[in-house]
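Report on one structure; see the data block that follows.
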Amino acid sequence: MSDTRTGAGRLADRLTHPRYPRSNAYDPRWVVDNQMGPHALWLLEWLAPALGLDALRPCARVLDLGCGRAMTSVFLAREFHAQVTAADLWIEADDNARRIAEAGFADRVQPVRAEAHDLPFAEGGFDAIVSIDAYQYFGTADLYLPTLARLLRPGGRIGVVVPALREELAGTEPPEHLAPWWEPDYWCFHSADWWRRHWTRSGAVEVETADWQPDGWRDWLLWCEIVAEESPEEFHRTMARRVAEMVRADEGRTLGFVRVVARRG
């Protein structure tokens, strides 16, 4: 019997995930067309219970740091009724403003173009800070978290999800099975224990969660395979194919995702 579903229907089927019921409600074509890496909504939905997003008061002030094309910002506004500041360096604020308005959240999401080390926000101005697949690029510096944490009100929480290592790597060479794909940028990937120690040492926050995502590599591989086939941008299709090869060769031995949540005292 032939498959009579449309391309959109088949894409929706492939992206329907039992662990991410909130993300399943979003237009899969919108998600694919606006992605800039791993499936950001899946990762944010995994972060949400550890960060306590459901417990935030309505219209809580949330900074979405490194928001990319603002999908996560729309998700925060829609799912948790947050008032979101969508900050990113690479995407123009006007571009994100159009996308946010088309999604129907222009009144709750404010796009800002900003560099992570030069954030134009007042101390104590946010109830929560969220960062999905971005914090690893600027947050490994020893002095960064104390500066960022000052933007939280006392008792506010910061939560990030980052590509990560199951265990820290020794020496200066990647594992042999990853060498064909390894990029110097990947040295910013670290283990859950590394992140817990790094944040604890800062003295700026009290770490509540730092854990590895079980089978996160399988989600990553599935998503890469879909992007490699479905993205309208050749750059993203090429990158997705390369990352899929790496993740498939690794099978979760080394690579996956870590979430880290902490509270400002």
Quiz item: What residues form a side chain to side chain donor-acceptor pair (under 3.5 Å) with Thr209, not counting sequence neighbours?
Solution: none
Practice problem: For the residue pair Pro58 and Phe80, establish whether any side-chain heavy-atom pair is separated by less than 4.5 Å. | Solution: no
Quiz item: Do Ser131 and Phe138 come close enough that some side-chain heavy atom pair is under 4.5 Å?
Solution: yes
Quiz item: In Å and rounded to the nearest 0.5 Å, what is the CD1 to CG distance from Ile91 to Asn34?
Solution: 9.0 Å
Self-check item: Distance (rounded to the nearest 0.5 Å) between Tyr20 OH and Leu41 CG
Solution: 11.0 Å
Exercise. Could you check if a side-chain atom of Leu222 sits within less than 4.5 angstrom of a side-chain atom of Trp42, using non-hydrogen atoms only?
Key: yes
Self-check item: Side-chain heavy-atom pair Gln213, Leu43 within 4.5 angstrom cut-off
Solution: yes
Quiz item: Which heavy-atom pair separates Leu51 from Gly159 by the least distance, and what is that distance?
Solution: CD1-N, 3.7 Å
Practice problem: Hey, can you tell me if His198 and Trp194 have their rings parallel, tilted or perpendicular (30° and 60° cut-offs)? | Solution: parallel
Quiz prompt | Donor-acceptor contact below 3.5 Å, side chain Ser202 vs main chain Trp199 | solution = yes
Quiz item: For Asp215, what residues pass the side chain to side chain donor-acceptor pair (under 3.5 Å) criterion, not counting sequence neighbours?
Solution: Arg218
Exercise. Check Leu169 against Pro175 and note the closest heavy-atom contact, atom names and distance.
Key: CD1-CD, 3.8 Å
Quiz item: Thr16 and Asn24: which non-hydrogen atoms are nearest, and at how many Å?
Solution: CA-OD1, 3.5 Å
Quiz prompt | Flag, side chain of Ser191 to backbone of Leu165, donor-acceptor distance under 3.5 Å | solution = no
Self-check item: Side-chain hydrophobic cluster, 4.5 Å single linkage: members besides Phe235
Solution: Met239
Quiz item: Among pairs that include at least one residue of residues 15-24, which meet salt bridge (charged side-chain N to carboxylate O under 4.0 Å, His left out), considering only residues two or more places apart or in two chains?
Solution: Arg19-Asp219, Arg22-Asp54, Arg22-Glu79
Practice problem: May I ask you to say whether Asp193 pairs ionically with Arg197, meaning some side-chain N is under 4.0 Å from a carboxylate O? | Solution: no
Quiz item: If you group Ile, Leu, Val, Met, Phe, Trp and Tyr by side-chain heavy-atom gaps below 4.5 Å, do Val247 and Val161 land in one group?
Solution: yes
Self-check item: Euclidean distance, Gln35 CD relative to Asp133 CG, rounded to 0.5 Å
Solution: 10.0 Å
Practice problem: Check side chain to side chain donor-acceptor pair (under 3.5 Å) between Glu208 and all other residues, then give those that pass, not counting sequence neighbours. | Solution: Arg157
Exercise. With sequence neighbours excluded, tell me which residues meet side chain to side chain donor-acceptor pair (under 3.5 Å) with Asp27.
Key: none
Practice problem: Just do the side chain to side chain donor-acceptor pair (under 3.5 Å) check on Asp250 and His177 with the steps written out, would you? | Solution: CA-CA 7 Å; Asp250 183 61; His177 71 283; 2.7 Å; yes
Quiz item: Quick check: does any side chain N or O of Arg237 sit under 3.5 Å from a backbone N or O of Ser231, one acting as donor and the other as acceptor?
Solution: yes
Exercise. With side chain to side chain contact (heavy atoms under 4.5 Å, CB included) as the test, would you mind laying out the steps for Met36 and Trp90 before giving the verdict?
Key: CA-CA 11 Å; Met36 294 181 67; Trp90 296 342; 4.1 Å; yes
Exercise. Would you sort out whether Trp223 and Val31 count as a side chain to side chain contact (heavy atoms under 4.5 Å, CB included), showing the intermediate values?
Key: CA-CA 11 Å; Trp223 178 241; Val31 177; 3.7 Å; yes
Practice problem: Please round to the nearest 0.5 Å and tell me the distance separating atom CG of Leu151 and atom CG of Leu119. | Solution: 6.0 Å
Quiz prompt | Student check: side-chain heavy atoms of Leu44 and Leu53 closer than 4.5 Å | solution = yes
Quiz item: Should the ring pair Phe189 and Tyr186 be called parallel, tilted or perpendicular, given that the plane angle runs from 0 to 90° and is split at 30 and 60?
Solution: parallel
List, one per line, each side-chain donor-acceptor pair under 3.5 Å for residues 60-69, sequence neighbours excluded.
from  : atom 1 : to     : atom 2 : distance (Å)
Arg61 : NE     : Gly125 : O      : 3.4
Arg61 : NE     : Asp127 : OD2    : 3.2
Arg61 : NH1    : Gly125 : O      : 3.2
Arg61 : NH2    : Asp127 : OD1    : 3.3
Asp64 : OD2    : Thr72  : OG1    : 2.6
Asp64 : OD2    : Ser73  : N      : 3.0
Asp64 : OD2    : Ser73  : OG     : 2.7
Arg69 : NH1    : Asp33  : O      : 3.3
Arg69 : NH1    : Glu233 : OE2    : 3.1
Arg69 : NH2    : Glu233 : OE2    : 3.2

Practice problem: Verify the distance criterion only: is there a donor paired with an acceptor across the side chains of Gln136 and Thr140 at less than 3.5 Å? | Solution: no
Practice problem: Work out which heavy atom in His190 is nearest to a heavy atom in Ala164; give both atom names and the distance. | Solution: O-CB, 3.1 Å
Quiz item: Counting N and O atoms only, with roles assigned by atom type, does the side chain of His236 sit under 3.5 Å from a partner on the main chain of Glu230, one being a donor and the other an acceptor?
Solution: no
Quiz prompt | Presence of salt bridge, Glu251 and Arg166, under 4.0 angstrom | solution = no
Quiz item: Are Glu245 and Arg248 close enough for a salt bridge, meaning some N to O gap below 4.0 Å?
Solution: no
Quiz item: What ring pair (Phe, Tyr, Trp, His ring centres under 6.0 Å) pairs are there with at least one residue in residues 97-127, not counting sequence neighbours?
Solution: His117-Tyr144, Phe121-Phe126
Quiz prompt | Point-to-point distance, once rounded to the nearest 0.5 Å, from CZ of Phe257 to CH2 of Trp212 | solution = 9.0 Å
Self-check item: Any side-chain heavy-atom pair of Trp195 and Val207 under 4.5 Å
Solution: no
Practice problem: Kindly determine whether Arg253 and Trp217 satisfy side chain to side chain contact (heavy atoms under 4.5 Å, CB included), including the steps that lead there. | Solution: CA-CA 9 Å; Arg253 286 178 284 170; Trp217 73 273; over 6 Å; no
Quiz item: What's the verdict on side chain to side chain contact (heavy atoms under 4.5 Å, CB included) for Trp220 and Leu255, showing C-alpha distance, side-chain angles and the deciding distance?
Solution: CA-CA 10 Å; Trp220 198 355; Leu255 298 171; 4.2 Å; yes
Quiz item: Are any of the side-chain heavy atoms of Glu234 and Thr238 separated by less than 4.5 Å?
Solution: yes
Quiz prompt | side chain to side chain donor-acceptor pair (under 3.5 Å): pairs with one or both residues in residues 256-265, sequence neighbours excluded | solution = Asp211-Arg259
Quiz item: When rounded to the nearest 0.5 angstrom, what distance separates CG in Asn96 from CE in Met71?
Solution: 10.5 Å
Quiz prompt | By side chain to side chain contact (heavy atoms under 4.5 Å, CB included) - contacts of Pro28 (at least two apart) | solution = Leu11, Ala12, Leu15
Quiz item: Which heavy atom in Pro49 sits nearest to a heavy atom in Glu45, and how many Å separate them?
Solution: CD-O, 3.3 Å
Quiz item: Got a sec, which residues hit salt bridge (charged side-chain N to carboxylate O under 4.0 Å, His left out) with Glu167, two or more places apart in sequence or on another chain?
Solution: none
Exercise. Say whether, by atom type as modelled, one donor and one acceptor occur between the side chain of Arg108 and the main chain of Val74 under 3.5 angstrom.
Key: no
Quiz prompt | Check: Thr85 and Val109 side chains under 4.5 Å, non-hydrogen atoms | solution = no
Quiz item: Who are the salt bridge (charged side-chain N to carboxylate O under 4.0 Å, His left out) partners of Glu183, not counting sequence neighbours?
Solution: Arg242
